[in-house]
J.: 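Here it is, the structure in full.
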Amino acid sequence: MFDIGVNLTSTQFSKDREKVVKRARDAGVTGILITGTNALESQQAQSLAQQHPNYCWSTAGVHPHHASEWSGETAATLRRLTESEQVVAIGECGLDFNRNFSAHDQQEYAFDAQLALAAELSMPVFLHCRDAHTRFVEILKPWLAKLPGAVVHCFTGIRSELEECLELGLSVGITGWVCDERRGLQLRELLPLIPADRLLLETDAPYLLPRDMRPRPPSRRNEPCFLPHIVQQVAAWRGEDAEWLGQQTTENSRNLFNIT
């Protein structure tokens with residue numbers, strides 16, 4: 001099982017990061033991709049990955065929430081980070097028109113700039129899209145032929161959006177959101193539509209703790225050690241064997257991010 005989305009730089013992990021990684025290993029998680037969300041956290045993510053060779057890797061990018069911070073210096077920092085073997089994707093990048101922490105034009109500019117960087121470096125992209133599907137696709141589509149791969153991380157969209165993502169050749173990241181009986185039922189119904197070779201799984205820890213875990217963890221903090229629960233649930237809803245799905249999604253992750 002490979003967790004493609006862990007925000008290990010989060011302050012929620014500041015007191016026990018090493019234990020978090022150990023618990024993931026003990027739970028059978030075979031690899032972790034640490035998410036970079038701005039210039040500083042991308043550097044921190046690379047440093048953390050370096051401390052766990054052949055187990056942790058990282059992304060380098062600017063989340064749409066931080067798009068207002070984009071600058072030439074930011075671009076230079078990301079470019080430098082990609083020279084390290086730990087950094088295997090550009091991102092988290094994309095659009096978020098739900099919370100609008102950065103203006104739409106700033107988000108679009110930073111997104112396009114990161115796609116250009118990924119195309120130049122021939123690196124896959126780790127994508128974020130929330131309440132912005134149409135514009136997201138408009139910006140992404142011209143770059144796809146120049147990119148070796150892309151995953152829409154933490155997909156929570158509707159059927160038509162999923163179908164368009166699949167038509168564009170994107171991989172799809174599914175989190176514990178699908179385990180939420182309040183807001184994940186629609187997504188749960190879409191799971192069988194995702195081809196097995198395009199599905200990736202993630203916790204998005206420390207966020208999105210699966211609500212259907214029993215017994216419930218004492219803390220509301222999500223961890224990569226809970227990935228096996230997500231694998232079990234997604235496999236059941238897709239009508240597949242959980243061990244097989246864990247192996248398949250691991251293979252998908254390693255192929256997309258060129259991890260040997």
Side-chain angles (χ1 to χ4, degrees), residues 1-63 65-66 81 84-89 91-92 126 128 151 153-156 173-180 184 199-235 242-243 245-247 249-250 252-254 256-257 259:
M1 290 172 286
F2 195 105
D3 192 339
I4 68 156
V6 179
N7 298 282
L8 198 59
T9 62
S10 169
T11 56
Q12 293 190 46
F13 293 127
S14 60
K15 295 181 179 180
D16 63 346
R17 283 193 181 90
E18 291 301 312
K19 292 180 180 178
V20 168
V21 174
K22 184 180 187 304
R23 281 194 289 269
R25 286 183 184 268
D26 292 345
V29 177
T30 58
I32 290 173
L33 184 61
I34 305 171
T35 312
T37 56
N38 59 30
L40 175 60
E41 290 196 3
S42 293
Q43 293 175 78
Q44 294 172 339
Q46 186 272 335
S47 179
L48 287 170
Q50 199 169 33
Q51 296 170 30
H52 302 279
N54 300 315
Y55 187 74
C56 289
W57 293 265
S58 67
T59 71
V62 174
H63 189 287
H65 289 347
H66 297 280
L81 286 171
S84 67
E85 60 182 337
Q86 291 80 29
V87 177
V88 295
E92 178 174 359
F126 188 83
H128 175 105
V151 57
H153 139 79
C154 191
F155 180 85
T156 57
I174 296 294
T175 67
W177 178 290
V178 77
C179 301
D180 189 331
L199 176 64
L200 289 84
L201 297 175
E202 52 181 322
T203 58
D204 202 24
Y207 316 113
L208 301 180
L209 176 71
R211 283 176 52 87
D212 60 355
M213 292 184 68
R214 300 291 184 273
R216 289 189 175 182
S219 168
R220 293 181 62 187
R221 186 185 74 172
N222 198 7
E223 290 193 24
C225 67
F226 299 145
L227 184 67
H229 174 80
I230 297 173
V231 173
Q232 287 280 351
Q233 296 296 76
V234 170
E243 183 176 355
L245 185 64
Q247 294 172 348
T249 54
T250 295
N252 296 345
S253 303
R254 290 182 176 271
L256 178 63
F257 299 116
I259 295 171

J.: Is there a donor-acceptor contact under 3.5 Å from the side chain of T175 to the main chain of T203?
T.: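 It does not hold such a pair.
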J.: To the nearest 0.5 angstrom, please state how far the CD atom of Q43 sits from the CG atom of L40.
T.: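 Separation between the atoms: 6.0 Å.
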J.: Among all residues two or more places apart in sequence or in another chain, which pass the ring pair (Phe, Tyr, Trp, His ring centres under 6.0 Å) test with H52?
T.: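 Not a single residue meets the ring pair (Phe, Tyr, Trp, His ring centres under 6.0 Å) criterion with H52.
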J.: Roughly how far, to the nearest 0.5 Å, is the CG atom of L227 from the CD atom of Q232?
T.: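 Those atoms lie 10.5 Å apart.
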J.: According to salt bridge (charged side-chain N to carboxylate O under 4.0 Å, His left out), who are the partners of R216, at least two apart in sequence or on a separate chain?
T.: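 Checked R216 against salt bridge (charged side-chain N to carboxylate O under 4.0 Å, His left out); zero matches.
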J.: With side chains defined as the heavy atoms from C-beta onward, is the minimum distance between L256 and V151 less than 4.5 Å?
T.: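 Yes, at least one pair of side-chain atoms sits under 4.5 Å.
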J.: Would you compute the distance between atom CD of E92 and atom CG of N38 and round it to the nearest 0.5 angstrom?
T.: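 It is 11.0 Å, given to the nearest 0.5 Å.
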J.: Is there a donor-acceptor contact under 3.5 Å from the side chain of D3 to the main chain of G5?
T.: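 Indeed, once roles are kept as given, a pair shorter than 3.5 Å links the two residues.
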J.: Starting at CD of Q50, measure out to CG of L48 and round the result to the nearest 0.5 Å.
T.: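 Answer rounded to 0.5 Å: 10.0 Å.
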J.: Got a sec, which residues hit salt bridge (charged side-chain N to carboxylate O under 4.0 Å, His left out) with D204, two or more places apart in sequence or on another chain?
T.: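 Residues passing salt bridge (charged side-chain N to carboxylate O under 4.0 Å, His left out) with D204: none at all.
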J.: Going by salt bridge (charged side-chain N to carboxylate O under 4.0 Å, His left out), name the residues that satisfy it together with D212, two or more places apart in sequence or in a different chain.
T.: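 For D212 there are no salt bridge (charged side-chain N to carboxylate O under 4.0 Å, His left out) partners, ignoring immediate neighbours.
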J.: List the atom pairs, donor and acceptor, that lie under 3.5 Å between side-chain atoms in residues 55-63 and the rest of the protein, sequence neighbours left out.
T.:
from : atom 1 : to   : atom 2 : distance (Å)
Y55  : OH     : R25  : N      : 3.3
Y55  : OH     : V29  : O      : 2.6
T59  : OG1    : G36  : N      : 2.8
T59  : OG1    : G91  : O      : 2.9
H63  : ND1    : H65  : N      : 2.9
H63  : NE2    : H128 : ND1    : 3.4

J.: Just verifying a value: how many Å separate N252 CG and L199 CG, rounded to the nearest 0.5 Å?
T.: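 The distance works out to 7.0 Å.
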J.: Applying side chain to side chain donor-acceptor pair (under 3.5 Å), can you list everything that pairs with Q12, at least two apart in sequence or on another chain?
T.: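 With neighbours one apart ignored, the set is empty.
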J.: By side chain to side chain donor-acceptor pair (under 3.5 Å), which residues pair with N222, not counting sequence neighbours?
T.: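 Side chain to side chain donor-acceptor pair (under 3.5 Å) check on N222 returns nothing, list empty.
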J.: Kindly write out the residues that satisfy salt bridge (charged side-chain N to carboxylate O under 4.0 Å, His left out) with K22, not counting sequence neighbours, or none if the list is empty.
T.: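 Checked K22 against salt bridge (charged side-chain N to carboxylate O under 4.0 Å, His left out); matches are D26.
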J.: Of all residues at least two apart in sequence or in a different chain, which pass the side chain to side chain contact (heavy atoms under 4.5 Å, CB included) check with S253?
T.: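 Side chain to side chain contact (heavy atoms under 4.5 Å, CB included) check on S253 returns F2, I4, L200.
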J.: In chain order, what residues pass the side chain to side chain contact (heavy atoms under 4.5 Å, CB included) check against E243, with sequence neighbours excluded?
T.: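 Residues passing side chain to side chain contact (heavy atoms under 4.5 Å, CB included) with E243: D241, Q247.
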J.: With sequence neighbours left out, write down each residue that passes side chain to side chain donor-acceptor pair (under 3.5 Å) with Q44, or none if nothing qualifies.
T.: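 Once residues adjacent in sequence are excluded, Q44 has no partner under the side chain to side chain donor-acceptor pair (under 3.5 Å) criterion.
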J.: What residues form a side chain to side chain donor-acceptor pair (under 3.5 Å) with E223, not counting sequence neighbours?
T.: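 Testing E223 for side chain to side chain donor-acceptor pair (under 3.5 Å), a comparison that skips the adjacent residues, returns R23, R221.
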J.: Is a donor on one side and an acceptor on the other found under 3.5 Å between the side chain of Q46 and the backbone of S42?
T.: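 No.
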J.: Is a side-chain N or O of D180 found less than 3.5 angstrom from the main chain of R211, in a donor-acceptor match?
T.: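 No, the answer is negative, given that no donor and acceptor are paired below the 3.5 Å cut-off.
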